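Take a look at the structure below.
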Amino acid sequence: MITLTSDPIDVTAALEKLQSSQAGAIDIFLGVVRDNTQQRAVDRLEYEAYDRMAISEMQKIADEAQQRWPILNCIIIHRKGILQIGETAVLIGVATAHRADAFEACRFIIDTIKQTVPIWKKEVFTDGEQWVNAHP
């Protein structure tokens, strides 16, 4: 399941979709809006995306992950729009038979998304704003 949404991410629903009787490991990564970066107070984040290209690129990443690791289920959900402190910006979920595969696949997916998917992040501080590079 690959989704780009303006709605809050439902972690419980994602976990239910990941579950499999064959899965011995489910790894979920949540990217969450924090209240500071580089010693500046963050008010909120704003995400913009080229939707069709973003979905296509996220699907390619999921497909590549499934070629590299024995993934049973995979979910990628990314928010767009205005996000407040504490909200989840991205959820990566991977179910595999063993934990090492789940951890490695999950990390590959989030790192690759940050490098290649056309989703842009603006940090809005209490004293200004700036578009930031999403690379890890």
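Quick caveat: nothing in here was measured; it's all calculated off a predicted structure.
Looking at Ser20, its side chain does come within 3.5 Å of a backbone N or O of Gln22 through a donor-acceptor pair. Judged by distance alone, the side chain of Glu87 and the main-chain N or O of Gln84 form a donor-acceptor pair under 3.5 Å. A donor-acceptor pair under 3.5 Å is absent between the side-chain atoms of Asn36 and the main chain of Gln39, judged by distance alone. Without hydrogens or angle criteria, Arg79 side chain to Asp7 main chain gives a donor-acceptor distance under 3.5 Å.
Under the 4.5 Å side-chain heavy-atom criterion for Ile, Leu, Val, Met, Phe, Trp and Tyr, Ile109 and Leu4 are members of the same hydrophobic cluster. Hydrophobic clustering, with ILVMFWY side chains joined whenever heavy atoms are under 4.5 angstrom apart, groups Ile71 together with Val90. Ile55 and Val117 fall within the same hydrophobic cluster, defined by Ile, Leu, Val, Met, Phe, Trp and Tyr side-chain heavy atoms under 4.5 Å apart, directly or through other members. Transitive grouping of hydrophobic side chains (ILVMFWY, heavy atoms separated by less than 4.5 Å) brings Ile26 and Leu91 into a common cluster. Under the 4.5 Å side-chain heavy-atom criterion for grouping Ile, Leu, Val, Met, Phe, Trp and Tyr, Ile61 is not connected to Ile77 through any hydrophobic cluster.
Taken to the nearest 0.5 Å, the CD1 atom of Ile9 stands 7.5 Å off from the CG atom of Leu30. Rounded to the nearest 0.5 angstrom, Glu46 CD and Trp131 CH2 are separated by 7.0 Å. Expressed to the nearest 0.5 Å, how far CZ of Arg34 lies from CD of Glu123 amounts to 7.0 Å. Atoms NZ and OG1, from Lys17 and Thr12 in turn, are 12.5 Å apart once rounded to the nearest 0.5 Å. Between the CD atom of Glu57 and the OH atom of Tyr50 there is a distance of 10.5 Å, given to the nearest 0.5 Å. Atoms CD1 and CG, from Ile92 and Asp27 in turn, are 10.0 Å apart once rounded to the nearest 0.5 Å.
For Ala95 against Leu18, the heavy-atom pair with the smallest separation is CB-O, 3.4 Å. Closest of all the heavy-atom pairs between Ala105 and Val94 is CB-CG1, 4.0 Å. When all heavy atoms of Ala62 and Ile76 are compared, the pair lying nearest together is CB-CD1, 4.0 Å. Pairing each heavy atom of Thr96 with each of Leu72, the nearest pair is C-CD1, 3.8 Å. Shortest non-hydrogen contact noted between Ile119 and Ala54 is CG1-CB, 4.1 Å. Taking each heavy atom of Ala25 and His98 in turn, the nearest pair found is CB-C, 3.6 Å.
Counting heavy atoms from C-beta outward, Pro8 and Thr88 have side chains that stay 4.5 Å or more apart. Val124 is not listed as a side-chain neighbour of Leu45, based on a closest heavy-atom distance of 4.5 Å or more. Within the 4.5 Å cutoff, the side chain of Thr3 has heavy atoms near those of the Met1 side chain. Using a 4.5 Å heavy-atom threshold, the side chains of Tyr47 and Leu83 count as touching.
No option in Lys122, Arg40, Lys121, Arg44 other than Lys122 meets the salt bridge (Lys or Arg N to Asp or Glu O under 4.0 Å) test with Glu129. With Asp63 as reference, Gln59 is the one residue of Gln66, Gln59, Lys60 to meet the side chain to side chain donor-acceptor pair (under 3.5 Å) rule.
Proximity of the aromatic rings of Phe108 and Trp69 is defined here by a centroid distance below 6.0 angstrom, and this criterion is met.
For Gln19, the CD atom is densely surrounded, since the number of other residues' heavy atoms within 6.0 Å is greater than 12.
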